[in-house]
Chemist: 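Quick one: the structure is below, questions incoming.
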Amino acid sequence: MYTLDEPTLPQPAHLKSRGSPSIISEQQSYKHIDTTALIDNTSSSSLDEVLEVASTRVSSTILAGSLTVKNTKEPHNNSNKDAMLKAHEIISIQSRVPVKSIRVERDYSLGDGITRFSTQYPVELEGKITTEQFLHTINEINNIMDYADRLSWRIVLENIIETLTIYLWPILFSTHYQRVVKRLLTFIESENSTIYYPQTLSISNPVKSAFLFIEINFYE
């Protein structure tokens, strides 16, 4: 007859001796190796290099883009400056304060009550406006004012209508004199733009002086 050996149970772990080979192998197999410091030491230097290269590339890209934008804007800025300078030459002559003014006095020599101004050429205009240009301006102003003051049937009719309407007519409709004065101001503005402004001069509105004189202003 065969006899069966009784099965043996494994010995509990706490009963095993510390020096047994199985315990040593298990301790070695479950021993934890701290690799955090190793990763940090090896990766910190490489990470710094990567960041440095990336920052260098970004800064160079931004610099190149800013230079490109600056180069594209420079022609536009130059054109704007030229336009502003040209506008300043035209507008500033009307807003600046004159350094000197001369008067072309009213001419009363004929004594007929019609507004006209002296055609004597002022010596202050030498080197700026020729005698012919000055005479053209004054003679045309005198002709316009002669047309405004000259008695005619139209002026008589307008005076009658003004009286009958208790002077409401000029409020609703422009009179002959008002239309002529408007024509005079248009002519003076045209002379200033073509002749006097380019020479840093200007003719003032004679309405402001009640047609007692024409004022020519000098600017720097």
Side-chain angles (χ1 to χ4, degrees), residues 77-159 161-163 167-220:
N77 293 335
N78 293 334
S79 61
N80 287 340
K81 289 180 180 179
D82 294 339
M84 291 176 63
L85 289 175
K86 292 179 181 179
H88 177 72
E89 292 176 356
I90 298 174
I91 297 174
S92 63
I93 197 70
Q94 302 175 5
S95 60
R96 284 183 289 177
V97 178
V99 296
K100 183 176 68 172
S101 298
I102 61 173
R103 292 182 176 181
V104 179
E105 299 293 340
R106 186 165 170 175
D107 184 8
Y108 298 95
S109 59
L110 296 180
D112 54 4
I114 295 178
T115 303
R116 61 177 57 88
F117 299 95
S118 174
T119 57
Q120 183 179 357
Y121 179 76
V123 295
E124 292 86 353
L125 296 178
E126 291 182 356
K128 290 182 173 291
I129 302 298
T130 63
T131 305
E132 291 76 14
Q133 290 173 327
F134 173 78
L135 291 177
H136 169 73
T137 301
I138 300 301
N139 286 333
E140 185 63 26
I141 292 175
N142 289 339
N143 292 335
I144 294 174
M145 295 309 301
D146 182 83
Y147 179 67
D149 294 336
R150 187 71 62 181
L151 187 62
S152 65
W153 65 268
R154 179 178 295 179
I155 296 177
V156 174
L157 180 60
E158 285 183 351
N159 289 335
I161 296 175
E162 288 177 11
T163 305
Y167 296 96
L168 295 177
W169 178 265
I171 299 176
L172 302 175
F173 305 97
S174 61
T175 62
H176 168 73
Y177 192 83
Q178 291 172 343
R179 290 191 295 270
V180 175
V181 169
K182 184 178 180 180
R183 173 186 164 190
L184 172 66
L185 298 180
T186 303
F187 170 75
I188 290 176
E189 183 62 29
S190 174
E191 291 291 284
N192 280 333
S193 300
T194 57
I195 299 175
Y196 292 88
Y197 286 163
Q199 300 299 327
T200 62
L201 301 171
S202 71
I203 301 177
S204 297
N205 182 1
V207 177
K208 296 180 180 179
S209 62
F211 293 101
L212 296 177
F213 54 84
I214 294 176
E215 192 173 54
I216 300 178
N217 301 313
F218 292 72
Y219 302 90
E220 291 182 349

Chemist: Within this structure, what is the OG-CD1 distance for the pair Ser202 and Ile188, rounded to the nearest 0.5 Å?
Modeler: 10.5 Å
Chemist: How long is the straight-line distance from CH2 of Trp153 back to CG of Leu151, given to the nearest 0.5 Å?
Modeler: 12.5 Å
Chemist: Is it the case that the side chain of Ser193 and the backbone of Glu189 share a donor-acceptor pair, with hydrogens and angles ignored and the cut-off at 3.5 Å?
Modeler: yes
Chemist: Determine yes or no for a side-chain-to-main-chain donor-acceptor pair under 3.5 angstrom, with Glu140 supplying the side chain and Thr137 the backbone.
Modeler: no
Chemist: Could you walk me through whether Leu184 and Met145 pass the side chain to side chain contact (heavy atoms under 4.5 Å, CB included) test, one step at a time?
Modeler: CA-CA 8 Å; Leu184 172 66; Met145 295 309 301; 3.5 Å; yes
Chemist: Less than 4.5 Å apart, side chain to side chain, heavy atoms only: is that true for Ile129 and Gln199?
Modeler: yes
Chemist: Whether the side chain of Arg183 engages the backbone of Ile144 through a donor-acceptor N/O pair (distance < 3.5 Å, no angle test) should be reported.
Modeler: no
Chemist: How far does CZ of Phe218 sit from OH of Tyr196, to the nearest 0.5 angstrom?
Modeler: 10.0 Å
Chemist: What do the steps show when you test Phe173 against Gln178 for side chain to side chain contact (heavy atoms under 4.5 Å, CB included), and what is the final call?
Modeler: CA-CA 10 Å; Phe173 305 97; Gln178 291 172 343; over 6 Å; no
Chemist: Under the salt bridge (Lys or Arg N to Asp or Glu O under 4.0 Å) rule, collect the residues that match up with Glu215, sequence neighbours excluded.
Modeler: none
Chemist: For residues Phe117 and Glu105, determine if any side-chain heavy atom of one lies less than 4.5 Å from a side-chain heavy atom of the other.
Modeler: no
Chemist: We want to know whether Glu158 and Thr175 form a side-chain donor-acceptor pair, criterion being a heavy-atom distance below 3.5 angstrom.
Modeler: no
Chemist: Rounded at 0.5 Å granularity, tell me how far OG1 in Thr131 sits from NE2 in His136.
Modeler: 14.5 Å
Chemist: In Å, rounded to the nearest 0.5 Å, how long is the span from CD1 of Ile214 to CD1 of Ile141?
Modeler: 3.5 Å
Chemist: So do the side chains of Phe134 and Leu125 get within less than 4.5 Å of each other, counting heavy atoms only?
Modeler: yes
Chemist: For Asn159 and Ile155, indicate whether the former's side chain and the latter's backbone hold a donor-acceptor pair under 3.5 Å.
Modeler: yes
Chemist: Side-chain donor-acceptor pairs under 3.5 Å in residues 204-212, sequence neighbours left out?
Modeler:
residue: Ser204; atom: OG; partner: Asn217; partner atom: ND2; Å: 2.9
residue: Asn205; atom: OD1; partner: Val207; partner atom: N; Å: 3.0
residue: Ser209; atom: OG; partner: Pro206; partner atom: O; Å: 3.1
residue: Ser209; atom: OG; partner: Phe213; partner atom: O; Å: 2.9

Chemist: Is Ser174 reaching over with its side chain to a backbone N or O of Pro170, donor-acceptor style, under 3.5 angstrom?
Modeler: no
Chemist: If you look only at pairs with a residue in residues 109-124, which of them pass as a side-chain hydrogen bond (donor to acceptor under 3.5 Å, both in side chains), with sequence neighbours excluded?
Modeler: Arg106-Thr115, Asp107-Ser109, Asp112-Arg116, Thr115-Asp149
Chemist: When rounded to the nearest 0.5 angstrom, what distance separates CZ in Arg179 from CZ in Arg154?
Modeler: 6.0 Å
